[in-house]
Amino acid sequence: MSKEQITSLIEESIRAAIGEGKLPPVEPGRIELDRPKRKEHGDWATNVALAVAGRVGMNSRDVAAIIAESIKPAPDIISRVEVAGPGFINFHLAPAFVRSILYEVAEKGKKFGMSDVGAGRKVQVEFVSANPVGPLHVGHGRWAALGDALASVMSHAGYNIEREYYVNDYGTQMLNFGLSISARYLEALGRPGELPEGGYAGQYIVDIASRIVAEHGDEYLELPESARAELFIEMEYPRMLESIMGTLERMGVVFDVWFSERELYRSGEIAEALEALEAGGKAYRKDGALWLHTTEYGDEKDRVLVRANGEPTYFASDIAYHHDKMRRGFDTIIDIWGADHHGYVPRMNASMEAMGSGAEHLEVILGQLVKLFRGGEPVTMSKRTGEIVTLDELIEEVGVDAARYFFLQRSNDSPLDFDIELAKRESPENPVFYVQYAHARICSILRYAGESGADLSDPAPGELELLQTEAEMDLLRKLAELEEIVEFCAERRVPHRLTGYAEDLASLFHAFYRDCRVITEDECMTRARVFAVRAVRQALEIVLGLIGVSAPEKM
RNA sequence: GCCCCCGUAGCUCAACUGGACAGAGCGAUAGACUUCUAAUCUAUAGGUUGCAGGUUCGAGUCCUGCCGGGGGUGCCA
């Protein structure tokens, strides 16, 4: 709010200066107004003078001085305007304006920090989408944390968000799953079994097989291999899916839609998409296969849609899937993929164009993988090797809050080194506890206030002026940043930046706690500080909620 | 070979798409509980932003070339 107001003051001032002949006619373009890094530089700063000086052939400090002089006084909002450095214009907000954020928090409650930059645009975030052929591993935890927080923060920023999980319940991976169980089934009955190429070597497959033996004995021994695999797929993948759902539920991630790949085949959407592509001249036959002309849209080579054996590729169903998403009326669809799929992006974009959807509606967020260590030794995460660390195990060891916060702390394009031993050892000093502790501390103050019989009614007009110390004002300023942070994280798709804000706010609160006693004999001061502290609690609860971490009342 | 990410304090990472003296946490050192929670706070130390050029008023950020790490480059998903 203050930002827009100040921006227009600057625009007016430039126009006025030009009108009075102090500045040559110049189009300033978009006025950049930033939060300065250093406190002495005020609450807001603009570099227009620097940007414009070169074009009008004047010294940038002189230009800054002219603009600053022409700024209309707005004492309700701004207490001071000054020129600094090479020509920055710094704005200091009026203390009363800074304090007014508290009324806003009280009024908006859980809706504080909400924005309407999203303008209700319908956006789907699809994430995790792991094949239901094994338990979720630690890497999936990262996508779960990232996708869910992104969805939450975009929702808070006024987007209309839907969370979706794409279930790959069809194709090669499924078949390998069935064949792997079949092999272990034979072994469990003392027969030689052989894992298929690309089969799953995890212990969980052995467990599944022995459970089948326990329940059904050698009932399936005489079946042909393919029929047995088929049967095991149908018996076991729903269980696996259910267990994945359970894990995600424990992570606190709730999907709106679970979309089945099989459904695309059943509904004929795949055939439909392929026909459309072929009819439109976007796909052609060669060497017995059907190819999509993706090079036409910048891909390196054309890609196969239907293999020579008649089986559609994963790419084919993905095209139908994305077409289905677009038909559901989303303005934007966001896919979160592991970086190991990044070679897939150009062809996916190409297919969006070929289907007439427009590649600009698809956004792919690539997350670097999680590298797992155990006591400094790398652990392979592949489902094909025996040892995997599951997301369930991780949650069990470090807790959901620490896990989610940890996953979200770094940018999605930085690889994450996750040492399990270290995570366990470090968990008590994980920043998540720092932020949660601030929340718990406030709750403790409020409890104490209640017990001490202090007057907890809202402060009378004017009483807020008692909030004057640096610690108090810094804290209130940080509260006012929440809306911008939400917008920033949402528009730039960088949910990890929420953690930094949470830590800043917590840190300022802890400093305030040191300097300012809340519950005192001074009733007016007590009312004012309780009011402030409640607002901070509200903001912390909101941010932690967006991150997917609990806000405990006691620790 | 080609393509995409990354390289910033001892460690893990920020730096608001080109701005002011590159910031936090952890770790280190030295302090602070008779108090609404010390899971906290305060202070100090720590840097040629991988290297070399270039672009401009101004570069961690943009361009070029190297070096190092990760990923991709399937009629796999």
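To find a chain, count down the sequence lines: A is the first, B the second, and so on, and within it residues start at 1.
Each of B/C57, B/A77, B/C75 was ranked by its minimum atom distance to the side chain of A/Val304; first place goes to B/C75. Listed candidates were B/U73, B/G71, B/U40. Nearest to the side chain of A/Ala339 is B/G71.
Judged by atom type and distance alone, A/Asn47 reaches the base of B/G19 through a side-chain donor-acceptor pair under 3.5 Å. A donor N or O paired with an acceptor N or O is not found under 3.5 Å between the base of B/G72 and the side-chain atoms of A/His342. Taking only distance into account, the side chain of A/Arg441 never meets the base of B/U40 through a donor-acceptor pair shorter than 3.5 Å. Side-chain to base pairing of A/Asn90 with B/A20: one donor and one acceptor N or O lie within less than 3.5 Å of each other.
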Hey, what are the protein-to-nucleotides 5-7 of chain B N/O distances that come in under 3.5 Å?
| residue | atom | partner | partner atom | Å |
| --- | --- | --- | --- | --- |
| B/C5 | O2' | A/Gln368 | NE2 | 3.4 |
| B/C5 | O2' | A/Asp413 | O | 2.8 |

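With respect to A/Glu541 and A/Arg537, a salt bridge is recorded, a charged nitrogen being found less than 4.0 Å from a carboxylate O.
At B/A77, one or more side-chain N or O atoms of A/Thr172 fall inside 4.0 Å of OP1 or OP2 (strictly under the cut-off). The phosphate of B/A20 has OP1 or OP2 within less than 4.0 Å of a side-chain N or O from A/Lys37. Proximity of A/Tyr344 to the phosphate of B/G74: no side-chain N or O atom is located under 4.0 Å from OP1 or OP2. For the pair A/Arg514 and B/A38, the criterion of a side-chain N or O lying under 4.0 Å from OP1 or OP2 is not met. In this structure, A/Arg303 does not reach the B/C75 phosphate: none of its side-chain N or O atoms is under 4.0 Å from OP1 or OP2. Side-chain nitrogen and oxygen atoms of A/Tyr200 include none within less than 4.0 Å of the OP1 or OP2 phosphate oxygen of B/A77. OP1 and OP2 of B/A22 both lie 4.0 Å or more from every side-chain N or O belonging to A/Arg38. OP1 and OP2 of B/A77 both lie 4.0 Å or more from every side-chain N or O belonging to A/Tyr314.
The CG-P distance, from A/Leu408 to B/A14, rounds to 12 Å in whole Å. Counting to the nearest Å, the P atom of B/A39 and the CD atom of A/Glu503 are 18 Å from each other. Rounded to an integer number of Å, the gap from NZ of A/Lys39 to P of B/A20 is 18 Å. The distance from atom NZ of A/Lys301 to atom P of B/U73 is 10 Å, rounded to the nearest whole Å.
Remark: aromatic rings of A/Tyr321 and A/Tyr166 are close, center separation under 6.0 Å. Taking the six-membered ring for Trp, A/His510 and A/Tyr437 have ring centres closer than 6.0 Å. No close placement of the A/Phe88 and A/His41 rings is indicated, their centers lying 6.0 Å or farther apart.
For the P atom pair drawn from B/C57 and B/C16, the interatomic distance equals 22 Å after rounding to whole Å. The same atom, C1', is picked in B/G10 and in B/G19; the two are 30 Å apart, to the nearest Å. Taking atom C1' in both B/U55 and B/U64, the straight-line distance is 11 Å, to the nearest Å. Nucleotides B/A15 and B/U61 are separated by 14 Å at their P atoms, to the nearest Å. Taking the P atoms as reference points, B/U17 lies 23 Å from B/C13, given to the whole Å. B/G70 sits 38 Å from B/G58 when the P atoms are compared, rounded to a whole Å.
A/Gln173 and A/Asn168 are not linked by any side-chain donor-acceptor pair at a separation below 3.5 angstrom, with hydrogens and angles left out of the test. If you check the side chains of A/Glu4 and A/Thr7, you find no donor sitting under 3.5 Å from an acceptor. Between the side chains of A/Ser115 and A/Glu483, no donor-acceptor pair is found at a separation under 3.5 Å. A donor and an acceptor atom, one from each side chain of A/Glu82 and A/His92, are located under 3.5 Å apart.
Surrounding CD of A/Glu360 are more than 12 heavy atoms belonging to other residues, nucleotides or ligands, all under 6.0 Å away.
A/Asp504 comes within contact range of no nucleotide atom at all, as no heavy-atom separation falls under 4.0 Å.
Map A/Arg517 and A/Asp287 each onto its nearest nucleotide of RNA chain B; the residue landing nearer the 5' end is A/Arg517. Annotation: of the two residues near RNA chain B, A/Asn309 and A/His41, the 5′-most nearest-nucleotide partner is A/His41.
Both stacking criteria are satisfied for A/Phe88 over the base of B/A20: a centre-to-centre distance under 5.5 angstrom and an angle between ring planes under 30 degrees.
Note: A/Tyr344 and A/Phe315 have perpendicular aromatic rings, judged against thresholds of 30 and 60 degrees for the angle between ring planes.
Stem regions for RNA chain B, each three or more consecutive Watson-Crick or G-U pairs with both distances under 3.5 Å and listed by first number, read B:1-7 with B:67-73, B:10-13 with B:23-26, B:28-32 with B:40-44, B:50-54 with B:62-66.
For residues 513-525 of chain A, the side chain to side chain donor-acceptor pair (under 3.5 Å) pairs, not counting sequence neighbours, are A/Thr520-A/Thr526.
Shown here, B/C51 is classed anti by the O4'-C1'-N9-C4 or O4'-C1'-N1-C2 angle, which is more than 90° from 0.
With A/Tyr165 as the fixed residue, the ring-ring contact (aromatic ring centres under 6.0 Å, His included) test singles out one of A/Trp258, A/Phe259, A/Trp143: A/Trp258.
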